[in-house]
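Reviewing the structure listed below.
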Amino acid sequence: MKTNYNVLKLVAIALLVSTTSWGQATIAQWNFNGPSATDVPGGGSSPLVSVGAGTAELIGGTTGAFSAGNASPGTIETEPVATNFGWQTAGYAPAGTDNKVRGVQFNVSTLGQAGIVFKFEQRLSNSASNTYVVLYTTDNEAPIPVWVEAQTFTVTPEATGTGDTWYNNRTVDVSTVAELNNNPFVGFKIVSAFDPVVGDYVAARSTNVYSAGTGGTVRFDMVTVSSNETLSVSQFETNSNEFKVSPNPSNKEIVTFNQTQDVEVFDTLGKLVLTAKNTNSIDTKSFHSGIYFIRTGSGVTRKLVVK
């Protein structure tokens with residue numbers, strides 16, 4: 001799904017210094033709200049980001065629509081009930097198949113950010129799987145991305161209560177994973193999984209039986225990717241001394257490097273704005289004023305300010 005960069009650019013730049021209700025800088029957030037369940041921006045297959053920049057998609061054969069959003073105690077949702085929706089997903093796998101395959105995926109750029117945290121609120125229907133795994137990748141554009149398991153969430157099925165329960169503040173702290181910092185190609189997946197004890201899908205409520213297809217449903221709300229630190233130009237220079245950019249800031253002029261490299265230049269939304277091969281300079285005359293990130297073929301990233 002393509003992001004509307006023109007609409008989101010000013011918002012994303014402002015978010016480099018903004019904070020969420022969890023006290024961290026917001027990179028991207030999806031609240032799935034809209035005027036009605038059939039008018040949520042982006043639709044059920046790829047709902048648009050609500051704050052910041054990023055994309056969302058269904059994976060493994062799931063389907064998506066929208067239903068009532070989270071209004072349970074403890075939610076960070078603040079939208080009025082009439083316009084508060086959650087991303088309702090179905091089409092989960094039959095028993096014994098597709099372990100850790102079906103669910104949803106969120107893609108973001110963390111350029112200029114470090115100390116990444118992924119949070120979400122999740123509603124499980126009574127016959128949905130009781131177990132979900134969150135995975136991350138450091139390159140969501142690779143032909144075959146490498147996904148790393150970060151955390152497993154398992155509900156102990158109980159017969160009491162009303163069922164169809166929201167689980168709030170599900171937090172995956174990957175702030176110690178350095179490869180997720182300052183990276184335009186970060187991805188997170190939330191996928192249904194076998195119960196770690198039983199070795200197959202188990203219903204979220206003990207009085208129900210796990211149901212595949214349109215039976216067991218999973219709803220998401222307030223999916224948020226945030227960071228603990230916004231990197232400065234000096235921090236980029238400290239992080240890797242071998243590749244230097246000057247002048248920085250640039251007054252829309254020729255920017256030179258101290259070594260010849262293949263480079264890609266991204267804006268703050270992770271949009272690729274320039275590619276150059278075997279070069280020791282780039283011309284920033286056509287760049288809009290703002291912050292950019294130069295990434296070399298060897299993986300070094302530099303922050304560039306264009307005045």
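Values below: every heavy atom of this structure, side chains too, minus hydrogens, waters and symmetry copies.
- For the side chain to side chain contact (heavy atoms under 4.5 Å, CB included) with Val186, the lone residue among Asn181, Val177, Ile27, Val108 that qualifies is Val108.
- Under the 3.5 Å distance criterion, the side-chain polar atoms of Thr284 are matched with a main-chain donor or acceptor of Glu253.
- Side-chain atoms of Gln261 and Phe243, non-hydrogen and from C-beta on, do get closer than 4.5 Å to each other.
- The aromatic rings of Phe120 and Phe220 sit tilted relative to each other, their planes meeting at an angle between 30° and 60°.
- For the pair Val146/Thr138, no side-chain contact is recorded, criterion being any heavy-atom separation below 4.5 Å from C-beta on.
- Looking at heavy atoms from C-beta onward, Ser67 lies in side-chain contact with Arg219 at the 4.5 angstrom threshold.
- For Asn183 and Thr110, the side-chain atoms include no donor-acceptor pair closer than 3.5 Å.
- Annotation: side chain of Val273 is not in contact with side chain of Phe266 (no heavy-atom distance under 4.5 Å).
- Between the side chain of Asn228 and the main chain of Gly115, a donor-acceptor pair closer than 3.5 Å is present.
- Counting heavy atoms from C-beta outward, Phe287 and Lys252 have side chains that stay 4.5 Å or more apart.
- For Arg205 (side chain) and Ala159 (main-chain N/O), a donor-acceptor pair under 3.5 Å exists by modelled atom type.
- No donor-acceptor distance shorter than 3.5 angstrom exists from the side chain of Thr279 to the backbone of Lys277, with no hydrogens or angles considered.
- In summary, the aromatic rings of Phe66 and Phe85 are positioned with their centroids too far apart to meet the 6.0 Å limit.
- In this structure a side-chain-to-backbone donor-acceptor pair under 3.5 Å is missing from Thr217 to Ser125.
- Ion pair Asp164/Arg123 flagged as a salt bridge, since at least one NZ, NE, NH1 or NH2 atom sits closer than 4.0 Å to an Asp/Glu carboxylate oxygen.
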Give the intermediate values and the outcome of side-chain contact (heavy atoms from CB on, under 4.5 Å) for residues Phe153 and Thr131.
-> CA-CA 6 Å; Phe153 295 92; Thr131 301; over 6 Å; no

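- In this structure, Asp262 contributes its side chain and Asn278 its backbone to a donor-acceptor pair below 3.5 Å.
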Step by step, would you call Tyr201 with Asp195 a side-chain contact (heavy atoms from CB on, under 4.5 Å)?
-> CA-CA 6 Å; Tyr201 298 114; Asp195 180 278; over 6 Å; no

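- To the nearest 0.5 Å, atom OG1 of residue Thr137 and atom CZ of residue Phe188 are 10.0 Å apart.
- Between the Asn168 side chain and the Pro73 main chain, a donor and an acceptor come within less than 3.5 Å of each other.
- Residues Tyr292 and Leu111 have side chains not in contact (no heavy-atom distance under 4.5 Å, counting atoms from C-beta outward).
- Residues Phe118 and Trp147 are members of separate hydrophobic clusters, defined by side-chain heavy-atom contacts under 4.5 angstrom among Ile, Leu, Val, Met, Phe, Trp and Tyr.
- Without hydrogens or angle criteria, Glu77 side chain to Thr75 main chain gives no donor-acceptor distance under 3.5 Å.
- Salt bridge status for Asp98 with Arg102: present, with a side-chain N to carboxylate O gap under 4.0 Å.
- Separating the OG1 atom in Thr176 from the CD1 atom in Ile116 is a distance of 11.5 Å, to the nearest 0.5 Å.
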Report the C-alpha distance between Gln29 and Met222 in whole Å, list the side-chain angles of each, state the deciding distance to 0.1 Å, and finish with yes or no for side-chain contact (heavy atoms from CB on, under 4.5 Å).
-> CA-CA 7 Å; Gln29 186 176 81; Met222 304 307 294; 3.6 Å; yes

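- A centroid separation of less than 6.0 Å is found between the aromatic rings of Trp30 and Phe106.
- Between Glu149 and Lys100, at least one side-chain nitrogen of the basic residue sits less than 4.0 Å from a carboxylate oxygen of the acidic one, meeting the salt-bridge criterion.
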